[in-house]
Amino acid sequence: ADVALLNAGAMHADQVMPAETPITRRSLVQWLPFETRVLLLRVSGEQIKIALENGVSQFDEYTGRFPVVSGLEADFDPSLPVDHRVSGITIAGKPLRLDHNYLMAVNDFVAVGGDGYDVLDKAHRIVDLRTADLLVQHLTDYLANAGTMEAAGAPRLRLESPASTP
């Protein structure tokens, strides 16, 4: 996939892991308690932008729709009107092209329009619910192959405050 998006409500963990803490399958199941499956969608850049706008639309309300992303970076300003908060979207370091197609991995809840992600319900499914694997299994396999991991330093969604906007 070019990008991945989960709704924050899919995760139930609020902890900082000390360095060299082993992450077990049990840990993953505790943090991801739902039997969430990962679908692969073909989406346009415009659909990605709409999905991100939806994800930050209720930022001040601390809802589960906030997007947890990988493979992209963007800025958002919660002081702007809904549907106009996200800017500067890049995928693999290149500006998002609204008319370009991308592969997006999402959890099944988001894929069917949960948490207001209706735009993804219309997306073409490359891996659908019938053939999708559990998110916990994807993460278990990834961690087993990755060995030691380090936390990424920079946020993928950068909060812009009105004071920082020129």
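Not measured: the values here are computed from a predicted model. Position 1 is the first residue of the sequence; numbering continues from there.
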[Y] and [X], any side-chain heavy atoms less than 4.5 Å apart:
X    : Y    : value
L96  : K49  : yes
P67  : Y117 : yes
I48  : L72  : yes
M104 : D2   : no
R25  : Q137 : yes

Can you tell me how far the [atom1] atom of [X] sits from the [atom2] atom of [Y], to the nearest 0.5 Å?
X    : Y    : atom1 : atom2 : result
H124 : L103 : NE2   : CG    : 9.5 Å
T36  : D133 : OG1   : CG    : 13.0 Å
F34  : L135 : CZ    : CG    : 12.0 Å
S44  : D99  : OG    : CG    : 9.0 Å
L39  : N107 : CG    : CG    : 8.5 Å
D115 : L120 : CG    : CG    : 11.5 Å

Apply the test side-chain contact (heavy atoms from CB on, under 4.5 Å) to residues V43 and V106: give CA-CA distance (whole Å), side-chain angles for both, the deciding distance (0.1 Å), then the verdict. CA-CA 11 Å; V43 296; V106 297; over 6 Å; no
State plainly whether one hydrophobic cluster holds both [X] and [Y], where clusters connect Ile, Leu, Val, Met, Phe, Trp and Tyr through side-chain heavy atoms under 4.5 angstrom apart.
X    : Y    : answer
V68  : V29  : yes
V119 : V69  : yes
I126 : F109 : no
L6   : L134 : no
M11  : L139 : yes

On a heavy-atom basis, which atom in [X] and which in [Y] lie closest, and how many Å separate them?
X    : Y    : answer
D121 : G113 : CB-N, 4.1 Å
P78  : L159 : CD-CD1, 3.2 Å
D75  : G88  : OD2-CA, 4.3 Å

Side chains of N54 and R65, donor plus acceptor under 3.5 Å: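 Their side chains do contain a donor-acceptor pair, which is all the 3.5 Å distance test asks for.
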Please check if the side chain of [X] supplies one atom and the backbone of [Y] the other of a donor-acceptor pair under 3.5 Å.
X    : Y    : value
R85  : V56  : yes
Y102 : R97  : yes
E53  : V86  : yes
R37  : A132 : yes
T131 : V127 : no

Can you label the angle between the F59 ring and the F66 ring as parallel, tilted or perpendicular, going by 30° and 60°?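 Plane angle between 30° and 60°, so tilted.
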